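First comes the structure, then the notes that go with it.
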Amino acid sequence: MTALSHLQSVLEQGHFAVTAEIGPPMSANVNLIRQKAGYYNGYVDAANITDNQSAVVCMSSIATAAIVQQEGVETVFQMTCRDRNRIALQSDILGAAGLGLKNLLCLSGDHQSFGNDPQAKNVYDLDSIQLIHTVKGMRDDKRFINGKEIKTEPQVFIGAAAHPFAQPTELYLISMGKKIAAGAQFFQTQAIFDVEGFGNWMKAVRGMGYHKQTYILAGIIPIKTARSLKIMNDTVAGIRIPPDLIKRMDSADNQEEEGMRITLEIIEAVRKIDGVAGIHLMPVSSEQITPAVVERAGLYPRPQVEVQ
Amino acid sequence: MQHRILIIGNGDDAAMAARAVVAVGMEALVIGEGAFPIADDRVTYKDGWTLKHIEGQIGAFEAVFDTSDGEQTETVSSIIAATGADMVPCSLMNSAGDKAVSFKDLPALLNAKEYTLPMAVVFIQDADVDDGQWVSAIGINLARQVRKMWGCDVYYLCRFIRGSHFEVENAYRMARAEGVVFIKYSKDSLAVMPAEGKTTVSFNDYTQEISIQADMVVMSDVLKPQTQTSSLTQKLGIGINHEGFFQYDNAYYPFTATNRRGVYVIGACKGPAGLNDVSGDAAYTALDIKIQLDELRPIADVIAEINLFKCSLCLTCLRFCPHGALHVSDDMPSMVVYDMACQGCGICGAVCPAEAINLADNGKALMKESSGQKRLKVYCCKNSAKKALDAINMVAQLPQGVELAEMPCSGSIKPEELVNDIYAGFQRILILACYSDACRHVNGNADMRRQMKALQDTLADMGIARDSIVVMDVAGPSSDDVLEKINSAYNAIGLEVAL
Amino acid sequence: MNSLGGVCVRGVLIVGGGISGCTAADMLAQSHIPVYIVDKSKNIGGKAINYGCKATDTCLKCNMCLTQDIWQNVNDNRYIDIMTGADVLSCQGDKGDYRVMIRLEDGLEREINVSYIIVAIGFQPYDLKNKGFFGYGLYKNVLDGLDVEQLLKQRTPETLPFINPSIKKLAFLQCVGSRDVQDKAPYCSKVCCAYALRMGQTIHHYYPNIEITYFYMDIQEVGGVFSDYYDRLVGNGFKFVLSRPVMVEEAEDGGLEVIHEDLAKASVVREKFDMVILSQGIRPADDVDYIADVFDLGYDANGFLKGIGRWSETGIYLAGTAKGPMNIADSMADARRVAMEIITDYRTAAIASGVM
Amino acid sequence: MIVGQEKPVTELLDMIKPYKRVLVLGCGTCTTVSLAGGQKEAEFMSALIKLNAAKTGQDVTATTETVKRQCEWEFLDDIADLIEQADAVLSFACGVGIQAIAERYPDKVVLPGVNTKFMGMPIETGVFQVRCAGCGNCILDKRGGICPIARCSKSLLNGPCGGAEDGKCEVNPEIDCAWYLIYNRLKAIGRLDDMKQFFEPKDWSYGRDGGARKLRKEGIAL
């Protein structure tokens, strides 16, 4: 058995983990990737590489992840079910493992109607739960979906998405349970602005015992301006922003600083919630602010762990 | 033949309906929840039965009920909904404290022996909505009783005295003579609050702010539609008005008849009504049913005919028929028309995707253009424009190049016919329809307007001006207006040509 | 003559060819019962035929379209014999066999033999001369409801204004000759509120710049919840003044001044208007005493007709506003009910005699 | 039933441009019921073709006919003469009917008047919604009688994506999230445990993507 991922070791040794997102370029510009990876070096335990997020064409997440890892930053490569059937998905998982990628986040994927190519035909041969199950089967049972044996299995730490604010809560908790049963080892949640709501959800999660079976990383979008907050509130599904927060940003003299303060307050609050194993930062194409967030949140330096 | 009438409801309204039905020699089948006040061998009461659905037409409705013994089916000649209304306390009752009672509860207090007599009683009417004459009638008489029995100060606050029944007006005069003080308060000025064992009623009487310390406040109840009203309208296939009571807001359904022949609504279920109104409704309805049943004749001279070879049973006509006149045949793979229910509006024919429904005189030409110069084609609804034309013999006054066609309802106009009119050379088509909410066939004119909007869109795509088709609202009694509208549509064509 | 023979060969006499009489006639004729309508005017239709549709951009439910069906059905109906310009002279006999003498328009007399009689003589509008201080007949812009009806009936708004464009402010005075003990009319005329509010909306529809004020004591039911109605009207700029004006005078500039009490100021004020419409009340018909005498009828407390004995025993029925204030829809319902009672009675008799 | 939608008039007029004699052919089954291609729509289209021809000065004739089912040759045989006389048949059937004509009359130009949308039902007057995706391997037993393949925008088989809000689909808020419906229904019938099961990747070979191209009804098929 080969080594665990760095992220998995951080979590298993009980450290509070920090992951953050990197959006691949909408071009073949490798320097840009290296620059972004540079921001993260030493500040995060792993960097998530999004997979054609919002159904907009970008550099492939596996390729980007491989370049980021060359810069010394471990990655979580994201994989959606939208664009590939079971053949391509399994093939890419093998390829990613071959390139040394060790963490995989399995997603359904944003519907193509939200992107630049709404005319595209979607695939959804598998759903995200079936993808998780597939990866686990490939790794633990050394089998493809079709049952054929894999000689050298891919070693990946399997992640999934959780939706603390999606209603009805029970339905989404069932879904989360199914993801865990299928093989999800860690969860990264949708962005949290409503800490109290998130706390309630975590209470329900603890009630199900999920926090013991998996690691939950709370999703955080660093707040920049009141305007961006409002746009998010109005347009992004599953994001709930308390009106007080918007008011607070509106009345701030220095919006950038106020946004940072709120972000830090949210991080501080979610850290205190029982069962939260880390945070997942989604700076939405402002990767450069990640080090400051991590530093001011008291999460720097990152722990050095012995990888088994 | 002995006719049996289904009466839905077991309150006073239903009892009046049952008495009226029996009085004209018919039998009544009454369904409701709880006791029913009439014991008469011509009245059968079924406690706990609820209506599931009805089929059939006047003279032979099949009514299916849910009962404790399972489903029951009964044949009835006609149906009367007399479910009454709910009396709910007005919203101020919540804040008024324990000294407040509603009109409904006062009689019990008046009869109670050991009650500390109040010094000042305030009656309040119109707190939530402007109450009707039936509320005035109850309230004024209660105020008189309080004044007589308790001898205390009685104030009667209201926005309006609804004295259009002479008995109410009379009671109002007597009450004033007996010392009841009537005060009118202005809208939104009223407040009722408990205060140290009393209740403070404050308001503006158009001259100043006034406050009365009352020992008791009596407030009118508000009449609301019963909870079952909406589902019952669907089961009976009849209308509901914007306040949630039975019956359409439509001048063509002014009394107790509904859009479905043989189904009637009486009393408070069609809006606030006093007992006088209900007894009138009941007697009227029983007579109407009896007369119709004695000599059952179709309503319309021409009714819809279904070509059973073309019918694809898509149910579109069933969904559109405003009179419950179509049903799926038990014997044939086709829709069938109830001949006694059909009112000949032709709406079904206009929406049938298979062109399987025909009305013999649909689109009857009133005046054919003979000069060869086709300019304006006017479709006239029989219930409005056609009547206006007849009233002043208008046809002779119209300019050359105008062709008139009569429709039983504007809802019976088919888009393809209008396309053919334009093809035939008409430069403009004018549809003269009834005002919204004034369609004899409930939604026929609204159905037509939607279809015309879609047609205008299609024609616009082909580069044909939207105003090639013009829809205007007219009313039968306004002949001059109709003539004016035809002329203006006609003259506008000339202008465009000149431009 | 009806073919039933024997008992019910005789038809029904209807005294008064207004909306009530004609509605009853229409209903009876549909059941093939012969009807005679006697009307003292030159034409049938009474007052309702002079009213116009009040629709704005929507139907205001004035029910005028319902009356139109009736006029159409009654004219040229082979079961209905219309005598206009005619007077009833005398009535003798009993239920089932009344002989009524009628003087026709040409002066000749005709006796008809009927089973039933419906008295539907309608009402007369309150005589505004009794309220000379409102200036009706004196100032040209003081009108009554019927005057405005006439203007409206002939409207062609695009070409001919039915209200003079100089009119900017208009007042409706409610309860003129109604709910007035001194004037021997303690009763509410029932129709004027709904009527005036509809008319106001119609005027507002065509002339949105005219400011409309109602002087009222109580607004009676108008169909539906009045609060909704009221809010909409106030939203459209209508004003409601709780006051019964004492006088209308001509101002120096030729306008009108309505003198009324301003409750809030506790004083009498003079307010200027360009036009005043008086909602005159409903009074018993002018020939009510004569008709009561001919058909042996009584009066109610307000001087309207009242039957003596049970209708089904005397065979003499009353319908519509002869009985008291009623709106058009109620008059029609009442007339239909009377007609239906007669039809039922008629059939019962026919069955009893073995004809049916 | 198969639900269709008339193509835009301009597209149809453009399509028939090369032809002089057009037969507008309605279909008396599914497209009639889905209000897209019955006799009424065919007559309407005929009228528009004639009007357009008159307007643009072209010499075009349009005739109208409706057969019970365009997807069966026996019904098409009845109108052989009409088809013979036409340069082109504008079919108001679903895609099946259009191809049936093309096969039965190989020399004739057949044009589609209708866009075939889905298998569905009327949910209110004049409004239709998809219900079945014809996957050939029905899973409704475990999905509360509500099909996620047809009714979830992503055809997810195990549960909702994170995009639904207030029980509505992220792709179109006018459409219910199928998983929200499934959840409510399973809960109502006390079978929420069905939802908790893991559903394996679906075998699509029964109906889609290379699957059942042909079906034999055993006992009937010769």
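Just so you know, these numbers come straight off a predicted model, no measurement behind them. Sequence lines set the chain letters: A, B, ... in the order given, protein chains first and strands last, and positions in each chain run from 1.
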Of the backbone (N, CA, C, O) and the side chain (C-beta and beyond), which part of [X] lies under 4.5 Å from a heavy atom of chain B, both, or neither?
| X | value |
| --- | --- |
| Val191(C) | neither |
| Asp57(C) | backbone |
| Ser243(C) | neither |
| Asn75(C) | neither |
| Leu242(C) | side chain |
| Ala333(C) | both |

request  = Select one option (side chain, backbone, both, neither) describing which atoms of Asp437(B) are under 4.5 Å from chain C's heavy atoms.
outcome  =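 Backbone plus side chain of Asp437(B), per the 4.5 Å heavy-atom cut-off to chain C.
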
query = Has Arg337(C) got its NZ or CZ under 6.0 Å from the middle of the six-membered ring of Phe255(B), at an angle within 45 degrees of the ring axis?
reply =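 So Arg337(C) doesn't make the cation-pi contact.
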
task = Please step through side chain to side chain contact (heavy atoms under 4.5 Å, CB included) for the pair Arg440(B) and Asp69(C), ending with a clear verdict.
result = CA-CA 12 Å; Arg440(B) 168 161 267 174; Asp69(C) 285 351; 2.8 Å; yes

Donor-acceptor check, side chain of [X] to backbone of [Y], threshold 3.5 angstrom: yes or no?
| X | Y | result |
| --- | --- | --- |
| Arg347(C) | Asp294(B) | no |
| Gln220(C) | Ile161(B) | yes |
| Lys190(C) | Phe166(B) | no |

key: Side-chain touch Asp288(B)/Arg336(C), heavy atoms, less than 4.5 angstrom   =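 Yes, at least one pair of side-chain atoms sits under 4.5 Å.
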
Name the member of [options] that forms the most heavy-atom pairs with chain B at distances under 4.5 Å.
| options | answer |
| --- | --- |
| Thr58(C), Ile343(C), Asn63(C), Asn302(C) | Asn302(C) |
| Asp231(C), Asp334(C), Thr348(C) | Asp231(C) |
| Met332(C), Lys265(C), Met217(C) | Met217(C) |

